[in-house]
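Have a look at the structure below before the remarks.
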2 protein chains.
Amino acid sequence: MIAKRSIFEHMLSKKTKYGIKALIYLSKQEDKTPVQIEAISKSENISRKFLESILLTLRKNGFLGSKKGKGGGYYLIKDPVDIKMSSVMRVLDGPIAMVPCVSLNFYEKCDDCPDENACAVHNLMVEVRDSTLHIFNNKSLADLIK
Amino acid sequence: MIAKRSIFEHMLSKKTKYGIKALIYLSKQEDKTPVQIEAISKSENISRKFLESILLTLRKNGFLGSKKGKGGGYYLIKDPVDIKMSSVMRVLDGPIAMVPCVSLNFYEKCDDCPDENACAVHNLMVEVRDSTLHIFNNKSLADLIK
DNA sequence: CTTTAATCCTATTAAATCTATAGGATAATA
DNA sequence: TATTATCCTATAGATTTAATAGGATTAAAG
């Protein structure tokens with residue numbers, strides 16, 4: 001009874017998806033009062049501990065600020081307009097797409113491919129990379145919430 | 001010493017990549033004489049047994065024909081012009097991208113998401129799906145080899 | 001100054017998936 | 001009948017993702 005997978009199934013890891021949802025949640029807050037993990041977790045149906053690690057990553061990478069102790073929590077420290085989806089996805093990593101030989105930031109040569117300029121698969125994936133990146137580069141958190 | 005992954009790393013599984021390479025190899029044959037797995041395996045640096053299972057899948061899905069016994073092997077039974085990349089990728093499955101809730105063919109609801117029309121992540125991924133699918137739908141095996 | 005509430009941090013487990021291999025069954029050729 | 005090659009199913013190994021555990025740290029409140 002396992003549903004067959006589509007070619008689009010795992011572009012977005014749960015980690016990244018949850019991260020974006022948390023960012024959306026935080027950007028909808030009226031003021032910049034810290035919000036507790038628990039609140040976001042419940043509202044968005046995300047495992048408390050898993051979300052904790054995700055928010056930690058977002059904080060360490062300059063998206064969120066935090067406050068410890070009573071009344072503590074997380075809050076956005078960037079303007080949603082300045083948070084590009086591509087940067088969020090890079091930070092939360094998760095394998096989203098394609099082959100390493102096509103990566104701009106973390107290029108890696110394919111073991112099997114002697115000449116990638118002559119590799120038709122490579123060139124196809126470059127095309128997909130560019131179109132996808134174009135979308136993620138031009139979509140901000142602010143765009144997502146409107 | 002593990003290289004950090006990019007957001008584009010695993011869009012294309014090795015299975016699919018090898019499958020496309022095999023199809024390209026076969027489409028470059030002069031005549032339709034069967035080619036043995038071994039020959040493709042060596043030429044493209046693909047594990048013999050792994051490739052065997054991939055070719056089997058391609059045959060069962062109408063891309064290849066085969067012949068057993070001496071002088072046997074695989075051969076293309078469709079015109080490269082009629083082999084769309086999207087259909088190859090669907091057949092060889094491999095998790096390529098995105099979230100199941102965005103799949104046209106194998107839709108699946110997200111556990112965490114009560115209303116996906118209101119889900120900003122969902123809508124973002126629909127956009128990426130469409131742009132990627134557009135490329136794969138309009139790229140044939142024939143396009144790849146020229 | 002003690003209690004309580006929250007994040008911080010590292011490590012580890014569990015589950016899923018992809019990659020690859022094994023080994024024999026089947027079929028075709030010579 | 002020997003040889004060559006695909007057919008087929010099962011399984012092992014490796015990698016990655018998802019999730020959990022448990023305590024350390026910090027801050028507020030009384």
Side-chain angles (χ1 to χ4, degrees), chain A residues 2-7 9-19 22 26 33-41 45-61 64-75 92-97 99-100 108 110-112, chain B residues 1-7 9-19 22 26 33-41 45-61 64-75 89 92-97 99-100 108 110-112:
Chain A
I2 297 162
K4 195 170 186 309
R5 269 167 285 114
S6 91
I7 61 171
E9 177 151 0
H10 289 129
M11 176 154 198
L12 195 70
S13 66
K14 289 198 172 182
K15 190 172 179 179
T16 304
K17 180 174 140 194
Y18 292 163
L26 289 172
T33 313
V35 178
Q36 294 155 30
I37 297 173
E38 191 70 20
I40 305 174
S41 158
N45 300 305
I46 305 169
S47 139
R48 167 76 171 66
K49 273 294 192 179
F50 193 24
L51 179 60
E52 186 179 324
S53 70
I54 294 167
L55 295 178
L56 205 54
T57 303
L58 288 172
R59 195 216 58 186
K60 285 183 177 172
N61 285 278
L64 302 179
S66 67
K67 198 187 163 194
K68 282 186 173 181
K70 191 164 191 177
Y74 287 95
Y75 52 92
L92 295 176
D93 75 77
I96 298 190
V99 275
E108 223 172 306
C110 297
D111 295 332
D112 56 300
Chain B
M1 260 309 296
I2 297 162
K4 196 170 184 309
R5 271 165 285 115
S6 91
I7 60 171
E9 178 150 356
H10 290 128
M11 175 152 198
L12 194 69
S13 67
K14 288 198 173 182
K15 189 171 181 180
T16 305
K17 180 174 142 195
Y18 293 162
L26 289 172
T33 313
V35 178
Q36 294 155 29
I37 297 173
E38 191 71 19
I40 306 174
S41 157
N45 301 304
I46 305 169
S47 142
R48 166 76 171 66
K49 275 294 193 180
F50 194 23
L51 180 59
E52 188 180 324
S53 71
I54 294 167
L55 294 178
L56 205 54
T57 303
L58 288 172
R59 195 217 61 188
K60 286 183 176 171
N61 285 278
L64 302 178
S66 67
K67 198 187 162 194
K68 282 184 175 184
K70 190 163 189 177
Y74 287 93
Y75 51 92
M89 303 186 96
L92 295 176
D93 77 75
I96 300 190
V99 274
E108 222 172 303
C110 298
D111 295 331
D112 55 301

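Each chain gets a letter, A, B and so on, in the order the sequences are listed, and its residues count up from 1. Keep in mind that the numbers below use all heavy atoms, side chains included, and drop hydrogens, waters and symmetry copies.
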How many angstroms lie between atom CG of A:Asn45 and atom CD1 of A:Ile40, to the nearest 0.5 angstrom?
13.0 Å
Examine distances only and state if a side-chain atom of A:Ser41 and a backbone atom of A:Ser47 form a donor-acceptor pair shorter than 3.5 Å.
no
Which listed nucleotide (C:dA22, D:dT6, D:dG22) is nearest to the side chain of B:Gln36?
D:dT6
Give me the atom names and distance for the closest heavy-atom approach of B:Gly72 to B:Pro34.
C-CB, 3.6 Å
Note: contacts of residues 51-60 of chain A with DNA chain C (heavy atom, under 4.0 Å) are A:Glu52, A:Leu56, A:Arg59, A:Lys60
To the nearest angstrom, the CD1-P distance between A:Ile37 and D:dT20 comes to 14 Å
Counting only heavy atoms and a strict 4.0 angstrom limit, can you tell me which residues of residues 64-72 of chain B come near DNA chain C?
B:Lys67, B:Lys68, B:Gly69, B:Lys70
Rounded distance in Å - OH (B:Tyr74) to C1' (C:dA27):
13 Å
Which nucleotide in the set C:dT19, D:dA18, D:dT6 lies at the smallest distance from any side-chain heavy atom of B:Lys15?
C:dT19
Quick one: pull up CG in B:Leu92 and NZ in B:Lys17 and give me the separation to the nearest 0.5 Å.
13.5 Å
Inter-residue atom distance B:Gln36.CD - B:Lys67.NZ, 0.5 Å rounding:
11.0 Å
Please report the closest heavy-atom contact between B:Ser66 and B:Arg59, naming both atoms and the distance.
OG-CD, 3.3 Å
Over how many whole Å does the gap from A:Phe50 atom CZ to C:dT13 atom P extend?
18 Å
Nearest whole Å is fine: how far is D:dT4 P from B:Glu38 CD?
13 Å
Hits for ring pair (Phe, Tyr, Trp, His ring centres under 6.0 Å) against B:Tyr74, two or more places apart or cross-chain, chain-then-number order -> none
OH/B:Tyr75 to CG/B:Leu26 distance, rounded to the nearest 0.5 angstrom?
11.5 Å
Nearest listed nucleotide, side chain of A:Lys49, among C:dC9, D:dT6, C:dA22:
C:dC9
Side chain of A:Arg48, heavy atoms from C-beta onward: which of D:dA18, C:dT7, C:dT21 has the nearest atom to it?
C:dT7
Distance-only donor-acceptor pairs under 3.5 Å for side chains of residues 48-55 of chain B, two or more places apart:
residue : atom : partner : partner atom : Å
B:Arg48 : NE   : B:Glu38 : OE1          : 3.0
B:Arg48 : NH1  : B:Glu52 : OE1          : 2.8
B:Ser53 : OG   : B:Phe50 : O            : 2.8

